[in-house]
Amino acid sequence: GTLTLQTGDVLSVENISIEESGTLKGDISGQAEIHVSGNWDLEDGGTFTHNSTVSVYLTGNSESIISGTNTFYKLISDHIRSDTGSDKALKFSAGTTQTITSTLTLKGSSGNLMPISSTNSDNAATLNVSGATVNAEYLNITDTILSGYDSYPGDANNNTDSGGNSGWFTPPSITFTSISPSNGVVSVGSSITLVATAENNETGLTVSSATINGKHVSGAFTDKDDGTYEFVYTVGLGDTTIADSADLPVAIILQDSVG
């Protein structure tokens, strides 16, 4: 069946389940709201059409799981609201993409960070906010990809990066902290070892690409498990000769578990 929300309607429920062949939609003539204190589940074959009129509020004082591949107009969960408690937590179904077209507002409060995560730590969930506005405050974010935004909204406003994220926070930079030997002649067959340190000593990074003196060294990479990463360049016959007074060309990109 089909349920159409009319102008001014406020639908307050514990759980939403849109089953196969079911449709929940907004009327195009005016704004309506859905308040869900529990779970939101869009099943295969079900349809949710916001028509740029339906705002969804995730309320209550417990965990809400958002399942299925949804497109929301406005998606809001905010401790400042009287119907939303300090224990509110959101989980998005692993491997799915939720699209928000107008506004994503997720706000915890001081001393009560709102957990935002995927349902599976090995498989991130994606929030596509291309063209939307993002308001993110007092969040504890884990295993969640924010795509389509032109800045990193997690950097400010007391948010915590608990790992497995992309798009929320400025990616960690790396600093080259040592090179051995640091001068002199290195002959063919001998090696140069370079050590890089990740910002905040982040561990578990992998190589996206790595060249030293134009030579790929991804296969000579070691994660030292302390936030440092070692690369070994073995000088080969025909490699470019670098003067002792010149810089050794190095191009290395490391990435976290979600790229």
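Scope of the values below: all heavy atoms of this structure, side chains included, with no hydrogens, waters or symmetry mates.
Judged by distance alone, the side chain of D244 and the main-chain N or O of N183 form no donor-acceptor pair under 3.5 Å. Side chain of S77 to main chain of L58: a donor-acceptor pair is present (N/O by atom type, distance under 3.5 Å, no hydrogens or angles). Checking side-chain atoms of T53 against main-chain N and O of D27 turns up a donor-acceptor pair under 3.5 Å. Between the side chain of D41 and the backbone N or O of G68, no donor-acceptor pair lies under 3.5 Å.
Going from atom CG of D143 over to atom OG of S166 covers 12.0 Å, rounded to the nearest 0.5 Å.
For the side-chain hydrogen bond (donor to acceptor under 3.5 Å, both in side chains) test, residues two or more places apart in sequence or in another chain that qualify with T7 are S29. Checked against salt bridge (Lys or Arg N to Asp or Glu O under 4.0 Å), K91 has the following partners two or more places apart in sequence or in another chain: E63. Partners of N120 by side-chain hydrogen bond (donor to acceptor under 3.5 Å, both in side chains), not counting sequence neighbours: none found. Applying the ring pair (Phe, Tyr, Trp, His ring centres under 6.0 Å) criterion to Y57, with sequence neighbours excluded, gives H35. Under the rule for a side-chain hydrogen bond (donor to acceptor under 3.5 Å, both in side chains), Y152 has no partner lying at least two apart in sequence or in another chain.
Annotation for I80: hydrophobic cluster partners, listed by chain and number, are none (ILVMFWY side-chain heavy atoms under 4.5 Å, direct or chained).
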Using a 3.5 Å cut-off and no angle test, enumerate the donor-acceptor pairs between side-chain atoms of residues 208-218 and protein atoms at least two apart in sequence or in another chain.
residue: N213; atom: ND2; partner: Y233; partner atom: OH; Å: 2.9
residue: N213; atom: ND2; partner: T240; partner atom: O; Å: 2.9
residue: K215; atom: NZ; partner: T234; partner atom: O; Å: 2.8

Sequence neighbours excluded and cut-off under 3.5 Å, please list the side-chain donor-acceptor pairs for residues 14-22, or say none.
residue: N15; atom: OD1; partner: N39; partner atom: N; Å: 2.7
residue: S17; atom: OG; partner: E43; partner atom: OE2; Å: 3.3

Show the atom names and distances, to 0.1 Å, of all donor-acceptor pairs under 3.5 Å that link a side chain in residues 168-178 to residues at least two apart or in another chain.
residue: W168; atom: NE1; partner: T144; partner atom: O; Å: 3.3
residue: T170; atom: OG1; partner: D155; partner atom: OD2; Å: 2.5
residue: T177; atom: OG1; partner: V195; partner atom: O; Å: 3.2
residue: T177; atom: OG1; partner: T197; partner atom: OG1; Å: 3.2

Using salt bridge (charged side-chain N to carboxylate O under 4.0 Å, His left out), reason through D83 and R81 one step at a time and then give a plain yes or no. CA-CA 5 Å; D83 58 3; R81 292 176 53 85; 2.9 Å; yes

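Here ring pair (Phe, Tyr, Trp, His ring centres under 6.0 Å) pairs that include residues 88-134, with residues two or more places apart or in two chains, number zero. Residue pairs meeting the salt bridge (Lys or Arg N to Asp or Glu O under 4.0 Å) criterion with at least one member in residues 116-125, sequence neighbours excluded, do not occur. Within the structure, every pair that satisfies the salt bridge (Lys or Arg N to Asp or Glu O under 4.0 Å) test and touches residues 100-121, not counting sequence neighbours, is listed here: K107-E137.
The two residues S147 and T126 have their closest heavy-atom pair at OG-CG2, 3.8 Å. What you find for A132 and Y149 is that their closest heavy atoms are O-CE1, 3.3 Å.
If you chain together hydrophobic residues whose side chains sit under 4.5 Å apart, L139 and L146 fall into the same group.
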